[in-house]
Structures are given as C-alpha cells and as structure tokens.
K.L.:
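This is the structure, below, for whatever I ask next.
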Amino acid sequence: MNTKLTKSMDDITALCRRRGFIWQSSEIYGGVNGFWDYGPLGAALKKNLKDAWWTDTILCPPDGPDGKPLQMVPVDTTIIMNPKVWVASGHVGGFNDPMVDCRKTQARYRADHLKVYVPPVADKPLLVFVEGQEVGISKKLKKLGLAADQCAVRDFTELAPTDLARMIGPDADEPGSLTEPRQFNLMFTTHLGAVRDEESQAYLRPETAQGIFTQFWNVVDTSRVKTPFGIAQMGKSFRNEVTPRNFTFRSREFEQMEIEFFIPDPDVVGEEIAQTRRWYAWWRDHRYAWWRKVGLAGDNLILREHDRDELAHYAKDGAGTSDIEYRFPFTAPGFGELEGVAHRTNFDLRQHAQHCGRGDKMRYFDQEHNAHYFPHVIEPSAGADRGVLALLCEAYTPDADRPSGVYMKFSPRMAPIKAAILPLVAKDGMPEVAEKLYRDLRRRFAVQIDIKQNIGKRYARMDEAGTPYCFTIDGQTLSDQTVTVRDRDTLAQERIALDKVEAFLGEKIGG
RNA sequence: GCGGGCGUAACUCAAUGGUAGAGUGUCAGCCUUCCAAGCUGAAUGUUGAGGGUUCGAGUCCCUUCGCCCGCUCCA
C-alpha cells in the first residue's frame, strides 16, 4: 500500500499508465520523445475538458463587460497552411538561424555572427570570435604565437566542418569544443507532393492562432459578427521542442484551445481606449475563473501578470499579458503555464494584410463608429493537454485509510466515468436489476457496470478511475426498489429510490 | 544539444558471470449481503533495442532508444 501522503509525479505517472489515462506514443517500439497517447480514461477526461471549453466559451459564454451576450463563433482550420503564413507571422524569419554550441562553456552562438582568424600555417589553431566583440583577441593570438596581421579573417560559415577540431571557441581555451552549425527552428517541416525540394516545403502549424487570423475576413463576411466578437478554435499544434520534458507538459504534438477576441482599434476609435484594458482584464479574470470551475480550485492555480520585459514583441505596446499557471509537482514550488491571455494589438492582422499584398484595403469597417481599422485582439490561448495534466495532478489524492491508497478527485463534470452500477453479489437477481439500470443510464451518462469480484475491489477500482458515484444493488433493492449511493470523496452512503437515480445523476453531473 | 543517474511481467521489486523469480494487479471458477477479504487455477518476459567479450551475460564492454535530474531552449 502506498502510505505516502505527498503527491509524487512518479506515482501520478504510474497511475496514469496503470489505469489507462496516458501512455507513451508507439511504446512497443521504444516510444518517441515528446509524444503521448491517451488511453480510454484519458481520452474521456480530455474530451470532457474540451467539451466544457466549447460550451463555456463558444455556445454559452458569460456576458461581456458591456453586459451584452458575447458573440463567439468557431472555426476549424488546417494544420498545414500556405508557408507564407509563417513568414507573415514571423515564425520563419526570426528563428531560422543556424546555431553553434560550445561543449565546454555551454555557450550558444549564431553561426552568421562568428568570424575566424585563420593562421598561415596548418598546425596552429583557428581562433573564433563573435563579430564586433574582438576585445582581448590580440592577447589570445599572441599567446598562440600569432599576430593579427598574419591571419586571414574568414566567415565561420565558409569553413569546412573538418576545421572544427582546430577551432578555439570565443569563450573557450582549447580547440575542438564547437559543434557543427545546426538549424534551430521549432517548426516541423514537411513537403507537399512527391518532389522534396525547397519549393514544396511546408510547415506543421506551431499555433492554431494563425488559422483564425487568416480566415478573419471570411468570418466577418459570412457570419454577421461585428466588433467586439471572438473566433475560437481548438486543434493540434506542433513544436519541435529541444527538450520535451515533464510528462505531457512540454510535448512536440499538443492541442490548443484558442480564442482571438477582436475589439475596436483604440487609436482609431478614441472613446474605446479604456475598453481595451477592460476587455483584457475581463478575459483574464474569466479564464482564471473557468479553470477554477473545472476543478483547479485550490491554492495550486494562480493568475500572474507578466512584467514588461518578458512580453512578446507583438505585445509590447499592449494592455498586458498574463498567465494562468498551475503548481505541478515537477514545477513546485514554482508554476507552469496553462493558458496565456495576451493583448496582441493588431499585429497579426496587419502582417497578413501586408504580406498578402492588399494592405489597408483589408481594414475592417466599423459602421457604428464609421471607421476603418484593423481590430485589436485579446488572445486567451490554453493548452488542452496541460489542462488535462493539471486535472490529473489536482485530482490525485493519496489516502492511506482506503484500500486503493489513492483516489482521483475529479469534479463530476470532468470525471471520465460518472457512475458505476454494482450488484453487491452476483446472484439473487441483483445482476439483472443492475443491468437494467445500466441500460437506462448509459443513454445519458458515461457509466460502467461491474459485476466481477467482491464489492471492495470494485469500489477501489472506481476510486482510481475517479468515479464520483457508485450505485449498489443489494438485498433491500429487491424488496423496496432502493439502491445505495456511495460518494467517492466522503465514502458516505445513502439510499435513494431506483427510479430517482437518473435524476440524481443529472443534478450532480449537470448532464 | 551538454553533463549526471536509471531501464527485469501491467505495477513494486528479487536473482555471486551458471535453469529468469516473488508479491500485487489482471483473467476464469468457487465463495462472498458494503470497501483491493478467502480458496483453486490461468495468462503475461527476445531482462528497452542492437552489437561485442565469454564455454556461458539480467549481471562486464560499446552503440542506440527511452525515462528522471541539472544546464540550454521556450518566438
């Protein structure tokens, strides 16, 4: 029995595996770093989280700060898009530079920033330095018995990889510590069609947001929305992370739940300046409240406003950026990001308007203010897999007093199995009553029937699956048509009428 | 990518260089009127993978993959 009362990530991972929440992708082949599969319970849990997000942000969001019903519409865009999208968004240009690492000093340099002093004789080392930072170079050369005017200065990128063994890195003392230049782009590439050349190269999206931005104009033209309104999308994204770590927290394939909420440009519509801050704060606070509502209600969830200097380039001039963060066992006492809420200004829409060549013609027309502008955007961007991981960590509750040693305290709305139907013993007509109840309930709820083994083992199984309620058919059921309800968290039992079970679940689950 | 640690059944762990095992779980049967109880039986392993040393490798060596920790990275 596990008597540990603190939550350990190893124990949580073991339970996820044992009970079928999360497995390593392609495990029988040794797995693949940064990719994870959801088993039956995990897939159900994730769907519950995504359904809650869809319902609570698209179908029935809370009223906005203006007291009016929020306008929200969904889209579902492709993972592979025209590569120009990623040029416009800045994902291709900014991060495509080959980098060189120094094994000795752990330093990392851009290859195109490096210059090399090449001595006239082959048995002397080559001295590498960062362009513009040549302080102390002549001293270093002197030590090697060289003078600067004897050496040719070449670009690092012109030299052959075979020269690496003779090179002394900018911060190193001995040759041979530099690696070959490597591409450091976090986007996965692929090729469209049969020919694998530069022309056919495409990318797997690193964020779903750009699908929303590129279809912004079609949404406006077809769905009768006007600012302020939001477009929401959930879907897979891909980042070729250098170091996938911490279970599913940093995966290379992951699912996002993103909203782009479009509001008037405060510079154009003067009286709306305060609105930008108001909308930003409203989304920030409501997204935080939503995570608490789905089960992260304890001290482990925090809302953290970013400092000015950690803002992304597109958000520098904005109303702010904040993270909703969860204290995972592997980040404690620190926190890990679940969702970021950012005022992205109108950077993305302007970029796309410019790159597609139509420029200001693509400005949105605001009839109410009689003004053309590119709307600003508040972006609440959440990680579905990180949300699931947080739900798992939060639910994991060691309890030395119960036979399983642990139970999963999911909120009823998130629980993969809402209820179990258990005949106390497999005779005297109890299985038949249980089966009828099971057939009735499964039409509306995710329920399971379990007849095998003794009742204690079945309760224990349900504790590890996080099933909030167990209905048990016993001898008394046969005479008075009542069953017991066992509450997962309190272990308390009460009797309710067999024909009230469905209403009971409906009330507790909200289904 | 760098440095360190670790890979044996679904899980937790044994096995001096000499026949791969136990407990738990799972499954089947019996029993059982409320919390992994009891009895009987069954299935599950190319010891992460691939090489090498050896008469013989889970054990020693090399490579590789994966996991954990620390750096690095995270628009």
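Proteins get letters first, then strands, A, B, ... in listed order; numbering begins at 1 in each. Values below: every heavy atom of this structure, side chains too, minus hydrogens, waters and symmetry copies.
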K.L.:
Using the salt bridge (charged side-chain N to carboxylate O under 4.0 Å, His left out) rule, collect all pairs that involve residues 33-43 of chain A, keeping only residues at least two apart or in two chains.
P.N.:
none
K.L.:
Would you confirm whether Tyr326(A), through its side chain, and Glu394(A), through its main-chain N or O, come within 3.5 Å as a donor-acceptor pair?
P.N.:
yes
K.L.:
Choose from rA37(B), rC71(B), rA75(B) the nucleotide whose nearest atom is closest to any side-chain atom of Arg245(A).
P.N.:
rC71(B)
K.L.:
Any side-chain donor paired with an acceptor under 3.5 Å for Asp480(A) and Thr482(A)?
P.N.:
yes
K.L.:
Between rC11(B), rG66(B), rU32(B), which nucleotide has the shortest distance from any of its atoms to the side chain of Lys427(A)?
P.N.:
rU32(B)
K.L.:
Rounding to an integer number of angstrom, what distance separates rA49(B) and rU54(B) when you compare their P atoms?
P.N.:
23 Å
K.L.:
In whole Å, measure the gap between the C1' atoms of rA20(B) and rU32(B) for me.
P.N.:
37 Å
K.L.:
From rA75(B), rC11(B), rU32(B), pick the nucleotide closest to the side chain of Met187(A)?
P.N.:
rA75(B)
K.L.:
Tell me, please, which residues at least two apart from Arg17(A) pass side chain to side chain donor-acceptor pair (under 3.5 Å).
P.N.:
Glu27(A)
K.L.:
Round to the nearest Å and state the distance from Asp399(A) atom CG to rA36(B) atom P.
P.N.:
13 Å
K.L.:
Could you state the CG-P distance from Leu15(A) to rG25(B), rounded to the nearest angstrom?
P.N.:
15 Å
K.L.:
By nearest atom, which of the nucleotides rC69(B), rU33(B), rC67(B) is closest to the Phe330(A) side chain?
P.N.:
rC69(B)
K.L.:
Apply salt bridge (Lys or Arg N to Asp or Glu O under 4.0 Å) to Lys236(A) and list each qualifying residue two or more places apart in sequence or on a separate chain.
P.N.:
Glu253(A)
K.L.:
Can you name the closest pair of heavy atoms from Ser381(A) and Gln256(A) and give their distance?
P.N.:
OG-NE2, 3.8 Å
K.L.:
How many angstroms lie between atom SG of Cys16(A) and atom CD of Gln24(A), to the nearest 0.5 angstrom?
P.N.:
13.0 Å
K.L.:
Should Glu255(A) and Lys50(A) count as an ion pair when the cut-off is N to O under 4.0 Å?
P.N.:
yes
K.L.:
Looking only at atom P, what distance separates rA10(B) and rG52(B), rounded to whole Å?
P.N.:
28 Å
K.L.:
Taking RNA chain B as the partner, which of residues 249-261 of chain A come within under 4.0 angstrom of it by heavy atom?
P.N.:
Arg250(A)
K.L.:
According to the Watson-Crick and G-U wobble definition with distances under 3.5 Å, which dot-bracket string, read 5' to 3', encodes RNA chain B, using [ ] for crossing pairs and | for pairs with another strand?
P.N.:
(((((((..((((....[..)))).(((((.......))))).....(((((..]....))))))))))))....
K.L.:
Any side-chain N or O of Asn454(A) below 4.0 angstrom from OP1/OP2 of rU32(B)?
P.N.:
no
K.L.:
Please list, by residue number, the residues of residues 480-496 of chain A whose heavy atoms come closer than 4.0 Å to an atom of RNA chain B; answer none if no residue qualifies.
P.N.:
Thr484(A), Arg486(A), Leu491(A), Gln493(A)
K.L.:
Please give, in whole Å, the distance from rC34(B) C1' to Ile451(A) CD1?
P.N.:
16 Å
K.L.:
Report the distance from atom CZ of Arg458(A) to atom P of rC27(B), rounded to the nearest whole Å.
P.N.:
12 Å
K.L.:
What one-letter contact string describes nucleotides 41-47 of chain B from 5' to 3', where B marks a base within less than 4.0 Å of any protein heavy atom, S marks contact via sugar-phosphate atoms alone, and - marks no contact?
P.N.:
-------
K.L.:
Return the nearest nucleotide to the side chain of Lys457(A); candidates are rG66(B), rA37(B), rA28(B).
P.N.:
rA37(B)
K.L.:
For the residue pair Thr472(A) / Tyr459(A), report whether a side-chain donor-acceptor contact shorter than 3.5 Å exists.
P.N.:
yes
K.L.:
For rU26(B), does OP1 or OP2 lie under 4.0 Å from any side-chain N or O of Gln453(A)?
P.N.:
yes
K.L.:
If you check every side-chain atom of Asp474(A), which of rA37(B), rA75(B), rU33(B) has the closest atom?
P.N.:
rU33(B)
K.L.:
What pairs with Glu464(A) under salt bridge (Lys or Arg N to Asp or Glu O under 4.0 Å), at least two apart in sequence or on another chain?
P.N.:
Arg18(A), Arg19(A)
K.L.:
OP1 or OP2 of rC69(B) versus the side-chain N and O atoms of Asn246(A): is any pair under 4.0 Å?
P.N.:
yes
K.L.:
Tell me, please, whether Phe335(A) has Arg304(A) positioned over its six-membered ring: NZ or CZ under 6.0 Å from the ring centre and within 45 degrees of its axis?
P.N.:
no
K.L.:
Between Gln210(A) and His91(A), is any side-chain donor less than 3.5 angstrom from a side-chain acceptor?
P.N.:
no
K.L.:
Mind listing the residues from residues 459-473 of chain A sitting with a heavy atom below 4.0 Å of RNA chain B? Number order is fine.
P.N.:
Tyr459(A), Ala460(A), Arg461(A), Glu464(A), Thr472(A)
K.L.:
With a 4.0 Å cut-off, would you call Arg488(A) and Asp463(A) a salt bridge?
P.N.:
no
K.L.:
Quick check for you: among rU33(B), rG29(B), rU26(B), whose closest atom lies nearest to any side-chain atom of Lys452(A)?
P.N.:
rG29(B)
K.L.:
When rounded to the nearest Å, what value does the distance between P atoms of rA43(B) and rC55(B) take?
P.N.:
37 Å
K.L.:
Please report the distance, rounded to the nearest Å, between CZ in Phe328(A) and P in rC69(B).
P.N.:
14 Å
K.L.:
Please compare Phe35(A) and Ile455(A) by the position of their nearest nucleotide in RNA chain B and report the one closer to 5'.
P.N.:
Ile455(A)
K.L.:
In chain order, what residues pass the salt bridge (Lys or Arg N to Asp or Glu O under 4.0 Å) check against Arg287(A), with sequence neighbours excluded?
P.N.:
Glu339(A)
K.L.:
Using salt bridge (Lys or Arg N to Asp or Glu O under 4.0 Å) as the criterion, list what pairs up with Glu258(A), not counting sequence neighbours.
P.N.:
none
K.L.:
Is the ring pair Phe238(A)/Phe188(A) parallel, tilted or perpendicular, if the boundaries are 30 and 60 degrees?
P.N.:
perpendicular
K.L.:
Please compare Phe247(A) and Arg17(A) by the position of their nearest nucleotide in RNA chain B and report the one closer to 5'.
P.N.:
Arg17(A)
K.L.:
For residues Tyr407(A) and Asp489(A), is any side-chain donor paired with an opposing acceptor at under 3.5 Å?
P.N.:
no
K.L.:
Taking distance alone, no hydrogens or angles, what donor-acceptor pairs closer than 3.5 Å link side-chain atoms of residues 422-439 of chain A to residues at least two apart or in another chain?
P.N.:
unit_1: Lys436(A); atom_1: NZ; unit_2: Asp440(A); atom_2: OD2; d: 2.9

